[in-house]
Amino acid sequence: RSQATCPRRGCPRRRSRHVPKGCRVKTVFSLGSNMGDPFAHLRDAVRLIAETPGIHDVVVSPVYVTAPIGGVEQDDFLNLIVVATSDLPPSVLLERAHVIEAAHGRDHTIPNGPRTLDVDLIRVGDETVTTDELTLPHPRAHKRAFVLVPWRDADPEAELPGYGRIADLVASF
């Protein structure tokens, strides 16, 4: 397998969508909720992400109130971004996001419908992944103000691979 250098620490990193333990890369989650007690769902999800072994240096954006997308009549969302470093592979981070959603009663039956909690994995270092379960970077992040604006607040120098600086993307809205 080919080797690359971890951009944060200079440690070896395989190009096989695996981040070796100790090689931390910037990881971005987008969280949203519009059912039950949305603020409580977000607060608990942030806690669960921060308590995950292998996730470090957690920074949380302010909470934003945003209109829903997708045409389904529903309440506004509360959204935030969690930026952290992690040595976990994308598949494990996605599994963790699903476990956190399930713990909050997430129902996937109505596409773009109301939800107790939505936890999306937006970016894991410079990893590019395309599977049935996961696409990284998130394929619609560059179009979503509810992702980009809080991300800019949490990490003003952030970039979205393939799209450029988050601040520039926000300015284009």
Side-chain angles (χ1 to χ4, degrees), residues 1-33 41-64 78-104 106 108 115-142 144 146-170:
R1 297 185 185 201
S2 61
Q3 296 280 320
T5 301
C6 173
R8 300 210 32 100
R9 299 246 168 122
C11 59
R13 187 176 101 194
R14 297 186 190 279
R15 293 183 181 167
S16 63
R17 292 189 287 276
H18 174 73
V19 180
K21 197 163 185 76
C23 183
R24 295 181 187 170
V25 296
K26 192 168 286 188
T27 301
V28 180
F29 295 92
S30 174
L31 284 65
S33 176
H41 291 303
L42 294 176
R43 183 179 56 237
D44 190 55
V46 168
R47 179 186 61 80
L48 292 170
I49 290 169
E51 290 176 354
T52 301
I55 293 180
H56 313 274
D57 311 313
V58 174
V59 176
V60 182
S61 75
V63 175
Y64 282 82
L78 296 186
N79 292 98
L80 62 79
I81 288 286
V82 174
V83 178
T85 59
S86 178
D87 56 19
L88 300 173
S91 60
V92 172
L93 293 165
L94 180 64
E95 180 182 327
R96 183 64 175 155
H98 289 165
V99 166
I100 292 168
E101 287 178 337
H104 286 266
R106 171 69 193 270
H108 291 270
R115 54 203 80 156
T116 53
L117 184 63
D118 187 26
V119 180
D120 286 335
L121 189 55
I122 305 298
R123 177 182 178 187
V124 179
D126 292 324
E127 298 287 339
T128 55
V129 177
T130 303
T131 68
D132 290 342
E133 297 81 32
L134 178 63
T135 302
L136 287 176
H138 191 286
R140 292 171 300 285
H142 67 286
R144 295 182 166 171
F146 66 85
V147 170
L148 298 174
V149 173
W151 188 358
R152 179 197 57 197
D153 290 344
D155 186 1
E157 301 304 316
E159 293 188 18
L160 182 60
Y163 296 97
R165 293 183 62 238
I166 300 305
D168 294 339
L169 293 169
V170 170

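For reference, positions follow the sequence shown, starting with 1.
Residues G125 and P161 come closest through the heavy atom pair O-CG, 4.2 Å. Smallest separation of non-hydrogen atoms from L160 and A141: CD2-CB, 4.1 Å. When all heavy atoms of L93 and S86 are compared, the closest pair comes out as CD2-OG, 3.8 Å. Closest heavy-atom contact between P150 and I81: CB-CG1, 3.7 Å. Between V59 and A154 the shortest heavy-atom distance is CG1-O, 3.5 Å. Looking at every heavy atom in both residues, L88 comes nearest to P53 through CD1-O, 3.4 Å.
Ring planes of H104 and H41: perpendicular class, angle over 60° (limits at 30 and 60°).
Checked by atom type and distance alone, the side chain of R165 never pairs as donor or acceptor with a backbone atom of A167 at under 3.5 Å. Judged by distance alone, with hydrogens and angles left aside, the side-chain atoms of T131 form a donor-acceptor pair with the main-chain N or O of L134 at under 3.5 Å. When atom types are taken as modelled, the side chain of T27 and the backbone of V25 share a donor-acceptor pair closer than 3.5 angstrom.
Taking CG of L169 as the reference point, atom CZ of R144 lies at 14.0 Å (rounded to 0.5 Å). Of the inter-residue distances, the one linking S30 atom OG with W151 atom CH2 reads 10.0 Å to the nearest 0.5 angstrom. Distance CD1/I122 to CG/L148: 9.0 Å, rounded to 0.5 Å. With values rounded to the nearest 0.5 angstrom, S33 atom OG is found 11.0 Å from E101 atom CD.
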Verdict with reasoning, D120 to F29, per side-chain contact (heavy atoms from CB on, under 4.5 Å): CA-CA 6 Å; D120 286 335; F29 295 92; over 6 Å; no

Derivation and outcome, side-chain contact (heavy atoms from CB on, under 4.5 Å), residues V147 and H138: CA-CA 10 Å; V147 170; H138 191 286; over 6 Å; no

Chi angles and distances behind the side-chain contact (heavy atoms from CB on, under 4.5 Å) call for N79, L31: CA-CA 6 Å; N79 292 98; L31 284 65; over 6 Å; no

I166 and V149: CA distance, side-chain angles, deciding distance, side-chain contact (heavy atoms from CB on, under 4.5 Å) verdict: CA-CA 8 Å; I166 300 305; V149 173; over 6 Å; no

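Of the residues listed (D155, D57, D126), the one engaging K26 in a salt bridge (Lys or Arg N to Asp or Glu O under 4.0 Å) is D155, and it is the only one. Partner L48 forms a side-chain contact (heavy atoms from CB on, under 4.5 Å) with one of I100, V99, I55, V119 and no other, that one being I100. Checked options I49, T52, L121; the residue passing with R96 is T52 (criterion: side-chain contact (heavy atoms from CB on, under 4.5 Å)).
Side-chain contact between L80 and V82 is present, with at least one heavy-atom pair separated by less than 4.5 Å.
With no hydrogens or angles considered, a side-chain donor-acceptor pair links D153 and Y64 at under 3.5 Å. Side-chain atoms of T116 and R106 form no donor-acceptor pair, as typed in the model, at a separation below 3.5 Å.
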